[in-house]
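First comes the structure, then the notes that go with it.
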Amino acid sequence: MDTKTTTEKTDEGTDASGTAEETTAVALDKKDTEPATAPIDADADEVGDEDRDDEDEEPAAEAAPAPAGIGGAAAAVVSAALGAVALTGTWTGKVVSERETLLGQIKTSGTGTPAQQISEIYGDAWHSTALVNGVFALIALLVAVLVLVLPGRPAWVRAVAVAGAVLGGLGLLLSVGTYFDLFLSLPTAGS
């Protein structure tokens, strides 16, 4: 169509510079009003599809940011690990227990009765270990509940968080029972 328009303008007696300007103007007008030809459409569609694919991928990536998913998964694993540690004991609990044992030995060195020695040396150490393990169990339980409350977590993350909650709950139950001597009482000195 552009060739025909150019030919018509040339036949009317316009010079070469006028023809080029008019042809450009006509071509610009036709681009705005008429669709492009078939070969250009195929290329434009391919480019358009690529542009659309890039645009479609970006919002999907923004909708589910990776750090939030990683943080939830890490929190679930941490809660399960803390729950297991609360059941088996921690290095911190061992250190606190040994400290209480040493303090009990210092307090009762030579002057304490057997019942007082048992209470100061073994009972305080036992209760300190239970207290430290209970703190770890409580943290495990709180982290697991936090992961379970937040929406949009994958099934495996929720499963690990449930395991952490169960382990933390059991650890807390055992720690409270040990601290208050519900399961076993301190030994007594014979007369």
Side-chain angles (χ1 to χ4, degrees), residues 52-191:
R52 281 187 224 122
D53 289 342
D54 291 341
E55 292 172 5
D56 290 344
E57 290 174 9
E58 291 174 9
E62 291 175 11
I70 290 173
V77 171
V78 165
S79 72
L82 286 174
V85 164
L87 286 174
T88 60
T90 64
W91 176 80
T92 307
K94 179 97 171 130
V95 169
V96 170
S97 171
E98 289 176 0
R99 181 179 184 277
E100 288 297 321
T101 300
L102 180 61
L103 289 174
Q105 289 173 349
I106 292 171
K107 285 181 186 176
T108 61
S109 62
T111 59
T113 64
Q116 189 180 19
Q117 288 178 346
I118 291 171
S119 174
E120 292 289 329
I121 295 172
Y122 299 108
D124 289 350
W126 188 348
H127 296 146
S128 297
T129 301
L131 183 64
V132 171
N133 290 344
V135 168
F136 275 89
L138 183 63
I139 293 171
L141 186 61
L142 291 175
V143 170
V145 168
L146 180 67
V147 171
L148 290 171
V149 168
L150 294 175
R153 300 288 175 222
W156 73 270
V157 171
R158 296 180 68 75
V160 173
V162 167
V166 168
L167 290 172
L170 285 174
L172 191 60
L173 178 69
L174 291 175
S175 295
V176 167
T178 303
Y179 186 83
F180 291 109
D181 299 327
L182 299 177
F183 302 124
L184 295 171
S185 61
L186 284 173
T188 57
S191 49

Going by heavy atoms in the side chains, are Val96 and Thr129 under 4.5 Å from each other?
-> no
Does Leu103 reach the side chain of Asp124, with side-chain heavy atoms less than 4.5 Å apart?
-> no
Contact summary for Leu186 and Gly123, nearest pair of heavy atoms | CD2-CA, 3.4 Å
Would you check if Thr188 and Ile118 make a side-chain contact, meaning some heavy-atom pair closer than 4.5 Å?
-> no
Nearest heavy-atom contact between Ala137 and Gly168 is CB-O, 3.4 Å
Gap between atom OG of Ser175 and atom CG of Leu170 - 0.5 Å precision = 10.5 Å
Where Phe136 and Leu82 come nearest, the two heavy atoms and their spacing | CD2-CD2, 3.6 Å
CG/Asn133 to OG1/Thr92 distance, rounded to the nearest 0.5 angstrom?
-> 9.5 Å
To the nearest 0.5 angstrom, please state how far the CZ atom of Arg99 sits from the OG1 atom of Thr101.
-> 11.0 Å
Could you pull out the closest heavy-atom pair between Ala86 and Gly171, with the gap in Å?
-> CB-CA, 4.5 Å
Could you tell me whether the side chain of Ser185 and the main chain of Asp181 form a donor-acceptor pair under 3.5 Å?
-> no
Rounded to the nearest 0.5 Å, how far apart are CD1 of Ile121 and OG of Ser109?
-> 9.5 Å
For the residue pair Val147 and Ala76, what are the closest heavy atoms and their distance?
-> CG2-N, 3.9 Å
Taking the side chain from Thr108 and the backbone from Gln117, do they hold a donor-acceptor pair closer than 3.5 Å?
-> no
Atom CD1 of Ile106 and atom CD of Glu120: how far apart are they, to the nearest 0.5 Å?
-> 11.5 Å
Identify the residue among Tyr179, Tyr122, Phe180 that makes a ring-ring contact (aromatic ring centres under 6.0 Å, His included) with His127.
-> Tyr179
Tightest non-hydrogen contact, residues Trp126 and Thr178, listed as NE1-CG2, 2.6 Å
OG/Ser79 to CG/Leu141 distance, rounded to the nearest 0.5 angstrom?
-> 9.0 Å
